[in-house]
2 protein chains.
Amino acid sequence: MCAHVLVAEDDEMQAELIRRSLLAEGHTATVVHDGRAALDAARLHRPDLVVLDLMLPVIDGFGVCRVLRRDDDVPVLMLTARSTEDDVLLGLELGADDYMTKPYSPRELMARIRTVLRRSGRDGDRRADPVVRAGGIAVDPVRHEVRCEGRPVECTPAEFEILLAMAGEPERVFTRRQLLQCTRGLDRASTERAVDVHIMNLRKKLEADPRRPARLLTVFGVGYKLSGVRA
Amino acid sequence: MCAHVLVAEDDEMQAELIRRSLLAEGHTATVVHDGRAALDAARLHRPDLVVLDLMLPVIDGFGVCRVLRRDDDVPVLMLTARSTEDDVLLGLELGADDYMTKPYSPRELMARIRTVLRRSGRDGDRRADPVVRAGGIAVDPVRHEVRCEGRPVECTPAEFEILLAMAGEPERVFTRRQLLQCTRGLDRASTERAVDVHIMNLRKKLEADPRRPARLLTVFGVGYKLSGVRA
DNA sequence: CGGGAACCTGACGAGTTCCTCACAACCGTC
DNA sequence: GACGGTTGTGAGGAACTCGTCAGGTTCCCG
């Protein structure tokens with residue numbers, strides 16, 4: 001959790017306040033005071049997040065946001081004294097990821113920054129938990145642990161690797177060959193049918209009714225997928 | 001941009017209001033009025049987003065959020081009359097993706113829902129997946145899924161391969177031989193007439209009136225083509 | 001060296017898919 | 001409108017896929 005944040009804020013006092021909060025959280029920050037500088041800095045530094053005041057000289061926040069969105073997919077958190085509904089709507093419509101009105105609490109601002117960074121997957125280093133979650137199943141590669149609806153589930157190494165791969169991309173179909181590779185089964189030239197057995201055993205552990213799977217679905221003629229199907 | 005949203009809201013009037021707004025935007029919605037029902041519904045329906053009131057009976061919003069986060073990675077938008085800074089901070093800390101205090105503007109709520117869906121990449125259409133679309137038909141090779149006017153359609157492997165090829169180049173005429181190759185039917189030295197049967201079966205699934213096809217068109221003496229024109 | 005866990009294989013049955021065949025409907029041309 | 005070639009369609013059986021189980025092999029640990 002250490003990102004680079006571009007702060008575009010007219011008021012120098014405010015900007016300094018935000019910068020200090022960011023540094024205290026372990027982030028790095030670039031501060032600019034007008035719209036043109038914001039765009040230049042964004043191009044130069046490629047920040048992980050832009051905190052954008054709307055009342056900026058030269059180019060206003062809306063204009064900056066428009067250009068940022070056109071060129072890049074950097075998350076934007078808008079910050080403004082203007083709080084009319086139309087402003088908020090316009091801001092969010094332009095692609096802002098969050099919108100806070102002044103006066104704001106610095107701690108809330110930091111919390112929202114964390115949230116936006118988390119969701120956009122730009123939080124620099126991945127010290128955040130690498131747990132993969134999908135369809136009510138949580139796979140923790142560090143602790144080598146699987147939980148289903150909160151209940152711990154014992155898994156063999158092969159089962160674990162298969163589940164980890166599938167939970168990483170829910171809905172995606174994996175061929176037997178792909179799943180076999182997860183279990184390092186290729187060195188022994190195993191049959192693809194071996195995967196079937198692992199899937200069966202996983203179903204016994206993860207499905208309420210293993211005969212009628214709701215999560216580990218068979219895609220006939222192709223392979224398997226982990227799904228959050230709506231029944 | 002059409003997601004399934006779970007609305008967990010104590011007040012039935014409010015809930016109904018939100019539900020209608022969601023439907024008007026093209027989303028689908030499930031409404032529940034207490035925390036336990038929210039968790040059950042989330043397990044059953046696997047929504048793309050949860051709009052979560054904090055003041056819920058049985059289990060409160062914080063508890064619901066905690067469990068949701070443990071099992072799954074569904075985005076959460078918190079909604080509450082409690083507006084103390086600590087509530088906001090706790091909510092965001094628990095992993096909420098946004099936090100709005102009542103009274104709120106329905107249009108702002110919708111705008112924030114759009115934003116959260118966009119950022120979480122759950123808005124139905126995955127930009128990452130190379131989904132092929134033509135004539136109201138979407139073919140997703142990664143998920144191995146076909147949708148027609150939004151409705152999921154079950155396809156056999158051969159049907160899927162044929163449709164994938166045709167949707168990749170709408171309007172182009174494919175000979176039976178070409179389509180046969182898609183189904184790996186060549187190694188089995190099958191007749192080209194086998195393609196006719198697959199086309200027929202596809203028409204039963206994709207055409208409003210299979211006798212008068214509007215999408216899977218016959219090109220007499222040549223083969224078939226998928227028309228991208230909406231009649 | 002014995003025991004146990006994990007994994008693979010091979011086989012069988014059940015279910016699904018695919019192809020062929022035959023005939024009806026259709027198209028285009030004369 | 002008639003004719004030859006092309007396409008639509010239904011049914012049945014061959015071919016394939018998948019779930020499942022029992023047994024065998026490998027590996028690790030005591």
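In what follows, chains carry the letters A, B, and so on, assigned in the order in which the sequence lines appear, proteins first and then strands, with residues in each chain numbered from 1. Keep in mind that what you see is a predicted model, and the values were worked out from it rather than measured.
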> Taking atom C1' of C/dC12 as reference, at what distance in whole Å does atom CZ of A/R193 sit?
Replying inline: 11 Å

> Taking CZ from B/R212 and P from D/dT9, how many angstroms apart are they, rounded to a whole number?
Replying inline: 13 Å

> Of the nucleotides D/dG5, C/dC7, D/dG19, which one has an atom closest to the side chain of A/D196?
Replying inline: D/dG19

> Does A/Y224 have a side-chain nitrogen or oxygen under 4.0 Å from the phosphate oxygens OP1 or OP2 of D/dT17?
Replying inline: no

>> Just N and O in the side chain of B/R176: are any of them under 4.0 Å from OP1 or OP2 of D/dT7?
In response: yes

> Would you say D/dG19 has OP1 or OP2 under 4.0 Å from some side-chain N or O of A/R203?
Replying inline: yes

> How would you label the contact of B/F160 with the nucleic acid (heavy atoms, under 4.0 Å): base, sugar-phosphate, or nothing?
Replying inline: nothing

> Can you tell me how far C1' of C/dA6 sits from NE2 of A/H144, to the nearest Å?
Replying inline: 13 Å

> Given C/dT20, is OP1 or OP2 found less than 4.0 Å from the side-chain N or O atoms of B/T191?
Replying inline: yes

> Should the pair A/E169-A/K225 be classified as a salt bridge under the 4.0 Å nitrogen-to-oxygen rule?
Replying inline: no

> Expressed in angstrom and rounded to an integer, what is the separation of B/F220 atom CZ from D/dG4 atom P?
Replying inline: 15 Å

> Between C/dT9 atom P and A/E192 atom CD, what is the distance in whole Å?
Replying inline: 11 Å

>> So, does A/K204 get its side chain near the phosphate of D/dG19, meaning an N or O under 4.0 Å from OP1 or OP2?
In response: no

> Could A/R118 and B/D97 be called an ion pair, given the rule that one side-chain N must be under 4.0 Å from one carboxylate O?
Replying inline: yes

> Taking 4.0 angstrom as the limit, do A/R215 and A/E149 come out as a salt bridge?
Replying inline: yes

> If only side-chain N and O atoms of B/T156 are considered, is one of them under 4.0 Å from the OP1 or OP2 phosphate oxygen of C/dT17?
Replying inline: no

> Between atom CE in A/M200 and atom C1' in C/dC8, what is the gap in whole Å?
Replying inline: 12 Å

> Whole-Å distance between C/dT20 P and B/H198 NE2?
Replying inline: 10 Å

> In whole angstrom, what separates A/L179's CG from D/dC18's C1'?
Replying inline: 15 Å

> Taking OP1 and OP2 of C/dT20, is either one under 4.0 Å from a side-chain nitrogen or oxygen of B/S190?
Replying inline: no

> Reckon B/R211 touches a base, only the sugar-phosphate, or nothing at all at heavy-atom distances under 4.0 Å?
Replying inline: sugar-phosphate

> Is the backbone of B/T191 close enough, under 3.5 Å, to the side chain of B/R176 for a donor and an acceptor to pair up by distance?
Replying inline: no

> Any sub-3.5 Å donor-acceptor pair from B/R46's side-chain atoms to A/G135's backbone N or O?
Replying inline: yes

>> Can you see if the side chain of B/T218 gets near the phosphate of D/dG8 - specifically, an N or O under 4.0 Å from OP1 or OP2?
In response: yes

